[in-house]
Amino acid sequence: MGQGVDAGLFQQSAHSPSIFELSRRMGGDGRQLIDFCIPCNPYFPTPEMFDALAANLEAVLKFYPSDADTISGQLARVLGLNPSTIAMSNGSTELITWMDHLWVRESVAIPIPTFGRWTDQPLETGKRVDMFPLREVDCFQLNIDEYIRFIRARKSRVAVLCNPNNPDGGYVTRRDVIRFMDELADLDLVVIDESFIDFVEAERDPSVAMEAAIRPNVVVLKSLGKNFGLHGIRFGYLVANPGLAGKMRRTLPKWNLNSLAETIVFMLRDHGPEYQRSLQLLARDRYSMAMQLAQLPELTVFTSQANFLLVKLAPGLDGTDMRDYLINNHQVFIRECGNKLGMSKQYLRLVVRPQQDVARLVAGIHEYCRPQWGGEDELSRRRNAERSA
């Protein structure tokens, strides 16, 4: 057993520490760490794609990348989009930062809980953040009409909708998202964050990117790192009408994308079937993982259309303690949500992973909970009492 992880590492910001930092702190045990924290696609790129990258690594690292227009132009061809409607960035958070500086002048509305940068970024620049609370009793499902009424009552000038939402994976139908955009055509900006949209199974074509491109005040945000399992490269993009997209392109540095990002974008053209297969495998794993977790009396599992599942711990269980126990005793890294606005440490976000990894997670949860609860019967009794309350 290597050294344990200092719990203070998780208190340094509202976001989880990187896998690199955790691995360094854990010494030898860090090499066996299974990441259930950072949303990723475990099936893409394929081993063959990684082999091709490795074979070309010296040139990728040694030479300067093409400018952003060249790389985004290739991405537009792969996606079937007009190049004038997209802007690529060094991660979706770079776009969130610049959207705040360019278009959020006084106030922004956002449902919570959600991805922390949507609340943190405008607060850091002195804007008013109007937070619309999602309710557990509704399984954190967003009611579009209630949200619109909230925006009107608060007189918010910018509105954000994350679809699917993070950390719960709640999904709003394409039809309702389009209605949301059109109801708010008078706002300064409407942002639809589709960072996890590729994982949706509920509809065949859930994205509203094409619709955003012909509306005056709508931006759709995308995250390639989350979809492709390549967070380390840091690349994302937005889709909007040519005026908005062009303004963002002129704001971003001309060489804001690295050579690894360029290499991946040019590889995508030849690996579409592998990517689609990865999404099918992940959907299978999401269903299987949700079923296994739902059988644990310690957990309540919420429905998700993303590549993660939100779970709630039974009363008396502490998410922070469980997180630390799983890291130090099972080398399993989970996301405890106590530092997310609108959540508490009773909630965990668990990334969808293959069956062998889920088995290790479940075993660790079992081992942690039994001494806490004194057996299955007592835990079931308390769980049933909570449901009846």
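Hydrophobic clustering of Ile, Leu, Val, Met, Phe, Trp and Tyr side chains at less than 4.5 Å, counting indirect connections, keeps I197 apart from L81. I38 is not connected to I233 by any chain of hydrophobic side-chain contacts under 4.5 Å among Ile, Leu, Val, Met, Phe, Trp and Tyr, and they are in different clusters. The same ILVMFWY cluster, assembled from side-chain heavy atoms under 4.5 Å apart, contains both L348 and V301. Under the 4.5 Å side-chain contact rule for hydrophobic residues, L79 and L279 share a cluster. Cluster annotation: L224 is connected to M210 through the hydrophobic network of ILVMFWY side chains, with a link wherever side-chain heavy atoms come within less than 4.5 Å.
Between K312 and E136 there is a salt bridge, with a side-chain nitrogen of the basic residue lying less than 4.0 Å from a carboxylate oxygen of the acidic one. Under 4.0 Å is where a charged nitrogen must lie from a carboxylate oxygen, and between E94 and R117 no such pair does. With salt bridges taken as basic N to acidic carboxylate O contacts below 4.0 Å, one links R128 and D130. A salt bridge does not link K345 with E336: none of the charged nitrogens is closer than 4.0 Å to a carboxylate oxygen. With respect to the salt-bridge test (charged N to carboxylate O, under 4.0 angstrom), the residues R152 and E183 do not qualify. D205 and R174 are not joined by a salt bridge, as no carboxylate oxygen comes within less than 4.0 angstrom of a charged side-chain nitrogen. Contact check on D145 versus R179 returns a salt bridge, with a Lys/Arg side-chain nitrogen under 4.0 Å from an Asp/Glu carboxylate oxygen. Note on D138 versus R135: salt bridge recorded, some NZ/NE/NH1/NH2 to OD/OE distance being below 4.0 Å. Salt-bridge check for D285 with R353: failed, with every basic side-chain N at 4.0 Å or more from each acidic carboxylate O. Between E201 and R286 there is a salt bridge, since at least one side-chain N of the basic residue sits less than 4.0 Å from a carboxylate O of the acidic one.
With a 4.5 Å cut-off on side-chain heavy atoms, F333 and L326 do not count as touching. Annotation: side chain of L282 is in contact with side chain of N41 (closest heavy-atom distance under 4.5 Å). Under the 4.5 Å side-chain criterion, counting only non-hydrogen atoms from C-beta, S156 is not in contact with V108. Counting only heavy atoms from C-beta outward, the side chains of Y347 and L310 approach each other to under 4.5 Å. With contacts defined as side-chain heavy-atom distances shorter than 4.5 Å, the pair K226/F196 qualifies. For the pair H330 and Y325, the minimum side-chain heavy-atom distance is below 4.5 Å. Proximity of C40 to H231: side-chain heavy atoms (C-beta onward) are separated by under 4.5 Å at one or more points. Here the side chains of N165 and P111 are not in contact, with every heavy-atom distance at 4.5 Å or above.
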Problem - From CA spacing to verdict: side-chain contact (heavy atoms from CB on, under 4.5 Å), T251, L102 - result: CA-CA 9 Å; T251 299; L102 291 174; 3.7 Å; yes
Problem - Candidate pair Q331 and I34, rule side-chain contact (heavy atoms from CB on, under 4.5 Å), full reasoning - result: CA-CA 6 Å; Q331 292 78 58; I34 296 179; over 6 Å; no
Exercise for the section: Decide side-chain hydrogen bond (donor to acceptor under 3.5 Å, both in side chains) for Y171 and E203; before the verdict, give the C-alpha distance in whole Å, the side-chain angles of both, and the deciding distance to 0.1 Å. Expected result: CA-CA 10 Å; Y171 174 69; E203 294 186 278; 2.4 Å; yes
Exercise for the section: Verify side-chain contact (heavy atoms from CB on, under 4.5 Å) between C37 and R323, making sure each step is shown before the conclusion. Expected result: CA-CA 10 Å; C37 177; R323 177 202 66 202; over 6 Å; no
Practice task
Show the numbers, then the answer: is there a side-chain hydrogen bond (donor to acceptor under 3.5 Å, both in side chains) between R349 and N166?
Solution key: CA-CA 9 Å; R349 188 193 65 197; N166 174 9; 2.9 Å; yes
Handout entry: side-chain contact (heavy atoms from CB on, under 4.5 Å) between I365 and V362, worked out
Key = CA-CA 5 Å; I365 293 174; V362 170; 5.6 Å; no
Practice task
Verify ring-ring contact (aromatic ring centres under 6.0 Å, His included) between F36 and F308, making sure each step is shown before the conclusion.
Solution key: CA-CA 9 Å; F36 280 92; F308 47 79; over 10 Å; no
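Rounded to the nearest 0.5 Å, atoms CE (M267) and CD (E274) are 9.0 Å apart. Here Q355 contributes atom CD and R284 contributes atom CZ; the two are 9.0 Å apart, rounded to the nearest 0.5 Å. For the atom pair F266 CZ and L75 CG, the distance stands at 10.0 Å (nearest 0.5 Å). Taking NE2 of H366 as the start and CG of L361 as the end, the distance is 10.0 Å to the nearest 0.5 Å. Rounded to the nearest 0.5 Å, atoms CG (L350) and CG (L293) are 6.0 Å apart. Going from atom CE of M88 over to atom OG1 of T70 covers 11.5 Å, rounded to the nearest 0.5 Å.
Considering every non-hydrogen atom in both P113 and D168, the closest pair reads O-OD1, 4.4 Å. Between I71 and S66 the shortest heavy-atom distance is CD1-O, 3.6 Å. When all heavy atoms of A159 and F180 are compared, the closest pair comes out as CB-CZ, 4.0 Å. For the residue pair P164 and A306, the shortest heavy atom distance occurs at CB-CB, 4.2 Å. The nearest pair of heavy atoms linking N256 to S89 is ND2-CA, 3.4 Å. Of all non-hydrogen atoms in P167 and M343, the two that sit nearest each other are CG-SD, 3.7 Å.
For Q346 (side chain) and L313 (main-chain N/O), a donor-acceptor pair under 3.5 Å exists by modelled atom type. Of the possible polar contacts, none joining the D193 side chain to the L161 backbone as a donor-acceptor pair under 3.5 Å is found. In this structure, the side chain of R77 does not engage the main chain of S72 through any donor-acceptor pair within 3.5 Å. No donor-acceptor pair closer than 3.5 Å links the side chain of T119 to the backbone N or O of V129. Between the D188 side chain and the V158 main chain, no donor and acceptor come within less than 3.5 Å of each other. Between the E106 side chain and the R157 main chain, no donor and acceptor come within less than 3.5 Å of each other.
The 12-atom threshold is exceeded at CD of Q356, counting heavy atoms of other residues, nucleotides or ligands nearer than 6.0 Å.
Remark: the S288 side chain and the Q292 side chain contain an N/O donor-acceptor pair separated by less than 3.5 Å. Side-chain contact annotation: T114 with K340, donor-acceptor N/O pair under 3.5 Å absent. A donor and an acceptor atom, one from each side chain of T85 and N82, are nowhere located under 3.5 Å apart.
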Show me the donor-acceptor pairs, under 3.5 Å and distance only, between side chains in residues 235-242 and residues at least two apart or in other chains.
| residue | atom | partner | partner atom | Å |
| --- | --- | --- | --- | --- |
| N241 | OD1 | G243 | N | 2.9 |
| N241 | OD1 | L244 | N | 3.0 |
| N241 | ND2 | R215 | O | 2.9 |
| N241 | ND2 | P216 | O | 3.2 |

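The aromatic rings of F228 and Y275 sit perpendicular, their planes meeting at an angle over 60°, well past the 30° parallel limit.
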